[in-house]
2 protein chains.
Amino acid sequence: MASIKDVATAAQVSVATVSRVLNGHPAVSPDTRARVLATVERLGYRPNAVARSLRTRRTRTLGLVISDVLNPFFTQLARSVEDEARALGYSVIIGNADEQPAQQDHHITTLLERRIDGLLVSPADGGSPMIHDAARRGTPMVFVDRWIPGLDVPVVRADGRAAVTGLVAHLYALGHRRLAMISGPATTTTGHERVEAFRTALREHGLPLPAPYLGQGDFQADSGRRVTEGFLRLPEPPDAVFAADNLMALGAMDALHERGLRIPQDMALAAFDDIPWFVHTDPPVTAIAQPTGDLGRAAVRALAERLEGRRPPSVTLPARLVVRRSCGEPAADPAPPGTP
Amino acid sequence: MASIKDVATAAQVSVATVSRVLNGHPAVSPDTRARVLATVERLGYRPNAVARSLRTRRTRTLGLVISDVLNPFFTQLARSVEDEARALGYSVIIGNADEQPAQQDHHITTLLERRIDGLLVSPADGGSPMIHDAARRGTPMVFVDRWIPGLDVPVVRADGRAAVTGLVAHLYALGHRRLAMISGPATTTTGHERVEAFRTALREHGLPLPAPYLGQGDFQADSGRRVTEGFLRLPEPPDAVFAADNLMALGAMDALHERGLRIPQDMALAAFDDIPWFVHTDPPVTAIAQPTGDLGRAAVRALAERLEGRRPPSVTLPARLVVRRSCGEPAADPAPPGTP
DNA sequence: CCGAGGATTGGAAACGATTACATCGTCGGG
DNA sequence: CCCGACGATGTAATCGTTTCCAATCCTCGG
């Protein structure tokens, strides 16, 4: 493959001049520029980003480590991250941790070896030594959605507490009193936070959250199914289940359908994270929607600021309740009454 | 950040020796090795993959250009590609074309500049000059799912024709006679091929495919909705619709639900591409399932072979019909009667 | 006791760009 | 008429590795 030297030779100029033309440096005479460009075209020359990065010590690449590509929430996030990054002139390398800390660390390692300019992470666990390490060494970093407490790293996330409160009120109003929850891993901030919000909201309505009504999931569909089956075996099963993410809600639906139970008559169901398919499920699922696109874009912008030397603040955006039919009657139409 | 030179100095050896230790070269004495490794550890040294790639002219990175990250089919594909690539020691950079040739070319350009070792593409259109160019220059390349005719590039894909025939038979058996289709862009091979398979299958049953019953979509949900609305405005609307991908099927469901029409009583619906959510929609959607994971893995293996200098053959795997309830009664259980 | 040959190790040349600095005309002002 | 400045270009160092080749030091057989 042709190198800058080949172009220089063919155009009868020095490599410095070719480089200047390619980088739009002003100090090049118009006809030299034209000659170089013509030669570039003729040889089909493509600059070698590897060499360029070695010299400039910048790759114009961002790393994004997410916990699960198959989760539509993260897919949408990745999508908006990529869009915004492209607009800012960056490429994105996505690493899928699959909710496994080991894989997450593998990705972080290779991303750092590749000398990405900055890192966007939604940590799969609370204490990855690799992330601590990266943060300590000053890798420009921003957390999205989930974060690790105690690190001086900006966090871009949605606050679902108000929406959870709204959801509990909604369930209460519909007559549900035995509310259960399928939680995410306690090691993730979102896993922990959503449970706390739920517990608090229940307390405000004078409802308990007995231990058997709090099932431990791992944000994957199977765990939702397993926990739901556990609920159903209880002497007094809950009459409403709140899943801490969309995949576990899916698992819960599986379990209920399998037993021939109807939603919401036999059991109400709600989920954290809204996804396009929730409109089409049977019944449509009431969910708490995060402003996913905004999260991704804000995270990239924050990271870009860090790369320019500034210290961007954390960003918290509101989530909102989207009422559909999986908790009971109302829902004349899918217009969201939740927080704005 | 510490470089190999720093390690060499600190360990009192030459950079050559450090490099040998790092690459597992045998000609290093055990205690030198130990000393170097200790130093690496102490300094927290991370090899610079950029410099390494410049020297070795390999990046151990594969590029994957897909047409739409939000489409679960491609997400799953990306997932399996990444898994297999990781197993083979490669990283993957994903580029999302969003069904836009311009964005596709942008991604291919930057991937080539980054000197990825090989390229996996599911082209968004039929004639991208950029792809032709890359192929002509000998970039190791493999097409997945979609391909561009006339290029000497291996194709890894699923053949849906048998399954489409099965689907039409299924619809016919259920009494549907006015079958319509929402097709993908004619410029994509899959778009074209699925229509032809459908048309052929109809002919075998003595059914016509009148022009108004063939709606042009673009593989995105909105187009499915739009085309379906068109069908409904026809003097004699179809009684069954086959969408050429899952997103357009989603759009079709939207359109039908909005008008208060029931599936399958008012209109049967089937889709190409099976996705986890089709089990939970109202009603569950009959679909043609591609062996997505196998496709991704086979594609990576083919590309890896090309990188080792061999010339892997194209691979075609069968798709199969998964009968659910969106076309009519039967479906005692979701066991697929289609092709094996 | 000597040279061959193996085991270790170091020196230095790439890889393909960017960029500080030097060079060389040319030209306008004093 | 001379000088400093400016515009256009070239030279060469540099980024952090890998790897070819040579040098060194032993060990051992003859």
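Computation of the quantities below employed the complete heavy-atom set of this structure, encompassing side-chain atoms and omitting hydrogens, waters and symmetry-equivalent molecules. Below, chain A is the first sequence line, B the second, and so on; all start at residue 1.
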Between [N] atom [atom2] and [X] atom [atom1], what is the distance in whole Å?
{"X": "A/Leu54", "N": "D/dT18", "atom1": "CG", "atom2": "C1'", "result": "13 Å"}
{"X": "A/Gln12", "N": "D/dT9", "atom1": "CD", "atom2": "P", "result": "13 Å"}
{"X": "B/Arg57", "N": "D/dT17", "atom1": "CZ", "atom2": "C1'", "result": "14 Å"}
{"X": "B/Arg58", "N": "D/dT17", "atom1": "CZ", "atom2": "P", "result": "18 Å"}
{"X": "B/Ile4", "N": "D/dT19", "atom1": "CD1", "atom2": "P", "result": "11 Å"}
{"X": "B/Asp6", "N": "D/dC15", "atom1": "CG", "atom2": "P", "result": "11 Å"}
{"X": "A/Asp31", "N": "D/dT9", "atom1": "CG", "atom2": "C1'", "result": "12 Å"}

TODO: For the pair A/Thr75 (side chain) and A/Val69 (backbone), establish whether a donor and an acceptor sit closer than 3.5 Å, ignoring hydrogens and angles.
DONE: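 Present.
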TODO: Please test B/Arg52 against B/Arg58 for side chain to side chain contact (heavy atoms under 4.5 Å, CB included), starting from the C-alpha separation and ending with a verdict.
DONE: CA-CA 8 Å; B/Arg52 186 209 308 273; B/Arg58 318 186 51 200; over 6 Å; no
Open item on the list: Once you apply a heavy-atom cut-off of 4.0 Å, does A/Val13 come out as touching a base, just sugar-phosphate, or nothing?
Closed with: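 Since only primed, P, OP1 and OP2 atoms lie under 4.0 Å of A/Val13, the category is sugar-phosphate.
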Open item on the list: Under 4.0 Å, heavy atoms only, any strand: does A/Ser53 hit a base, just the sugar-phosphate, or nothing?
Closed with: nothing
Can [X] and [Y] be counted as an ion pair, charged N to O under 4.0 angstrom?
{"X": "A/Arg35", "Y": "A/Asp31", "value": "no"}
{"X": "A/Asp133", "Y": "B/Arg46", "value": "yes"}
{"X": "A/Asp117", "Y": "A/Arg57", "value": "no"}
{"X": "B/Glu305", "Y": "B/Arg301", "value": "no"}

Task: Quiz item: B/Arg55 side-chain donor-acceptor pair to D/dT17 base, under 3.5 Å - done: no
Open item on the list: Are the side chains of B/Ile131 and B/Pro123 in contact, using a 4.5 Å heavy-atom criterion?
Closed with: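 Yes, side chains in contact.
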Open item on the list: Do A/Trp147 and A/Val156 have side chains that approach each other closer than 4.5 Å (heavy atoms only, starting at C-beta)?
Closed with: no
Task: Axis bend over the full length of the helix from C/dC1-D/dG30 to C/dG30-D/dC1, computed from five pairs that close each end, to 10 degrees - done: 60°
TODO: Step by step, work out the side chain to side chain contact (heavy atoms under 4.5 Å, CB included) result for A/Ile93 and B/Thr61.
DONE: CA-CA 11 Å; A/Ile93 303 186; B/Thr61 302; over 6 Å; no
Open item on the list: Less than 4.0 angstrom between a side-chain N/O of B/Ser3 and OP1 or OP2 of D/dG16, yes or no?
Closed with: no
Open item on the list: Taking only side-chain N and O atoms of A/Ser29, does any of them lie within less than 4.0 angstrom of OP1 or OP2 on D/dT9?
Closed with: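 Answer is yes, contact under 4.0 Å.
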- [ ] Could you walk me through whether B/Leu62 and B/Ile116 pass the side chain to side chain contact (heavy atoms under 4.5 Å, CB included) test, one step at a time?
- [x] CA-CA 5 Å; B/Leu62 268 26; B/Ile116 45 142; over 6 Å; no
Task: Of B/Arg35 and A/Ala49, the one whose closest DNA chain C nucleotide lies more 5' - done: B/Arg35
Task: Residue pair B/Thr187, B/Asp125: steps toward the side chain to side chain donor-acceptor pair (under 3.5 Å) verdict - done: CA-CA 5 Å; B/Thr187 53; B/Asp125 67 335; over 6 Å; no
Open item on the list: Under 4.0 Å, heavy atom to any atom of DNA chain D: which of residues 17-28 of chain A qualify?
Closed with: A/Thr17, A/Arg20, A/Ala27, A/Val28
Open item on the list: Would A/Lys5 and A/Val18 count as a side chain to side chain contact (heavy atoms under 4.5 Å, CB included) here? Give the steps.
Closed with: CA-CA 9 Å; A/Lys5 206 178 294 185; A/Val18 177; over 6 Å; no
TODO: On DNA chain C, reading 5' to 3', which nucleotide is the first and which the last to sit with an atom under 4.0 Å from a heavy atom of chain A, could you check?
DONE: C/dG16 to C/dT19
